[in-house]
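Below: the structure, in structure tokens.
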Amino acid sequence: MVEMAPILVVENLCKRFYGNSGIVDAVDNVSFEIYEGECAGLIGESGSGKSTIAALVAGLLPPDGGSVSFLGKCLTSDKSGRPQKLYRNLQMIFQNPMAAFNPRYKMAESVAEGLRYYERLPSKRLRELAVSYMEMCGLTPGDGDKYPWQLSGGECQRAAIARAIISRPRLLICDEITSALDVSIQKQILELLADLQKRLNMSCLFISHDLAVVSQFCQRVMVMHDGRLVESGPVADIIGRPQNEYTKRLLASILTVSCPDTENIP
Ligand SMILES: Nc1ncnc2c1ncn2[C@@H]1O[C@H](COP(=O)(O)OP(=O)(O)OP(=O)(O)O)[C@@H](O)[C@H]1O
Ligand SMILES: [Mg+2]
């Protein structure tokens with residue numbers, strides 16, 4: 001059951017890049033909210049601005065306009081500066097888990113980094129916590145002594161989830177976190193995430209190309225096209241009764257790719 005209190009409010013967010021081929025309005029006047037305990041999906045073709053939104057919300061990029069409020073505090077106003085401690089409650093996981101870890105650190109040390117910045121704890125306690133969160137994510141205590149290159153992609157992504165949840169965030173931003181994994185591993189990672197999301201009562205902003213994945217994991221979906229949010233609503237409505245022309249085309253292209261017309265193959 002989703003409670004109706006937004007923990008994230010994004011209003012009129014804008015980000016413009018000046019690239020070699022001209023100006024790109026990567027995020028163009030985007031507004032949305034994410035509610036307590038909710039998983040909201042963000043879909044759209046490559047280059048539509050999904051990762052830029054994630055970076056703006058997580059404070060990795062300054063916006064050119066608009067605002068982001070998280071847990072009632074404005075993250076984007078110049079006056080207050082960036083309230084770093086608030087970011088404990090807002091964590092991110094990315095597509096390539098191997099690249100997300102320093103190859104010189106053992107996994108337990110890297111996972112502990114997710115908490116070390118926010119809480120002063122003795123090293124022994126930090127390590128215990130890191131190992132227990134790794135176990136919660138389906139890894140073994142022995143994995144804590146391994147380096148990232150000694151784990152599989154799926155195991156690395158489990159460790160990335162452990163590092164993100166060790167600070168017990170209220171909002172988790174997942175940017176294409178299953179795209180680099182085999183289909184069978186994707187399913188395991190999604191099941192793990194769905195379980196953790198409920199147990200820890202986190203909200204999620206779940207970014208993906210894959211509508212099947214989004215419909216499995218999210219209650220609501222938002223559709224991006226050329227930097228704009230063109231449609232949003234319950235997953236069943238967007239898939240069953242898309243209103244926007246771009247959403248219809250996006251759905252049609254996904255269905256064509258996943259159900260090729262085998263009769264026409266020579
Ligand atoms: N640092 C940057 N400098 C210049 N242009 C950028 C920069 N970051 C993103 N862009 C451009 O902004 C647009 C949106 O990019 P973004 O990475 O947000 O898309 P995306 O929806 O995440 O795509 P994908 O599905 O491929 O990950 C693209 O046209 C991209 O080329
Ligand atoms: Mg992206």
Side-chain angles (χ1 to χ4, degrees), residues 37-42 50-51 54 58 60 87-119 121 123-210 212-218:
E38 177 189 39
C39 282
L42 187 59
K50 305 181 298 295
S51 294
L60 304 175
Y87 287 106
R88 166 183 192 148
N89 285 305
L90 195 165
Q91 295 291 322
M92 238 177 128
I93 314 172
F94 301 93
Q95 176 170 353
N96 186 344
M98 216 66 97
F101 288 98
N102 187 329
R104 294 179 198 282
Y105 287 3
K106 290 181 177 174
M107 297 316 285
E109 295 169 49
S110 286
V111 170
E113 283 299 313
L115 194 58
R116 193 190 303 277
Y117 180 74
Y118 303 107
E119 273 189 38
L121 290 171
S123 306
K124 190 164 170 278
R125 178 71 189 133
L126 263 177
R127 196 198 140 82
E128 279 168 11
L129 279 168
V131 169
S132 74
Y133 274 85
M134 288 175 73
E135 286 185 280
M136 204 190 282
C137 293
L139 296 165
T140 64
D143 291 329
D145 286 322
K146 292 184 183 163
Y147 292 95
W149 37 271
Q150 293 175 312
L151 298 182
S152 69
E155 287 166 341
C156 248
Q157 198 58 297
R158 286 176 188 274
I161 294 172
R163 182 176 58 184
I165 63 167
I166 194 171
S167 68
R168 299 298 296 267
R170 303 277 299 278
L171 175 66
L172 195 58
I173 302 180
C174 302
D175 191 354
E176 303 280 8
I177 62 164
T178 57
S179 307
L181 306 172
D182 289 352
V183 174
S184 61
I185 308 294
Q186 282 186 8
K187 189 164 174 285
Q188 291 173 13
I189 295 290
L190 285 173
E191 282 168 0
L192 169 68
L193 202 60
D195 175 50
L196 291 170
Q197 188 259 328
K198 285 198 194 77
R199 275 166 64 188
L200 307 180
N201 192 30
M202 293 181 291
S203 304
C204 273
L205 176 59
F206 191 85
I207 299 172
S208 178
H209 282 92
D210 190 334
V213 167
V214 168
S215 56
Q216 182 188 334
F217 190 66
C218 303

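Values reported hereafter were calculated over all heavy atoms of this structure, with side chains retained and with hydrogens, waters and symmetry mates removed.
A 4.5 Å side-chain heavy-atom check between I173 and L90 finds at least one atom pair inside the cut-off. The closest side-chain heavy-atom distance from E113 to N102 is not below 4.5 Å. Annotation: side chain of R158 is not in contact with side chain of M134 (no heavy-atom distance under 4.5 Å).
Looking at S203, its side chain does come within 3.5 Å of a backbone N or O of G37 through a donor-acceptor pair. Put simply, the side chain of Q186 gets close to the backbone of T178: a donor and an acceptor are under 3.5 Å apart.
R163 forms a cation-pi arrangement with F101, by the criterion of a distance under 6.0 Å to the ring centre and an angle within 45° of the ring axis.
Between D143 and K106 no salt bridge is recorded (no basic side-chain N to carboxylate O distance below 4.0 Å). Of the charged side-chain nitrogens involved, none lies within less than 4.0 Å of a carboxylate oxygen, so that K146 and E155 do not count as a salt-bridged pair.
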Set out, in order, the CA-CA distance, both residues' side-chain angles and the distance that settles side chain to side chain contact (heavy atoms under 4.5 Å, CB included) for S208 and D175, then state yes or no.
CA-CA 7 Å; S208 178; D175 191 354; over 6 Å; no
Between L193 and I177, does the side chain to side chain contact (heavy atoms under 4.5 Å, CB included) criterion hold? Intermediate values first, please.
CA-CA 10 Å; L193 202 60; I177 62 164; 3.7 Å; yes
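M107 CE to D145 CG: the interatomic distance, rounded to the nearest 0.5 Å, is 11.5 Å. Distance check, rounded to the nearest 0.5 Å: CD1 of I166 to OG of S110 gives 11.0 Å.
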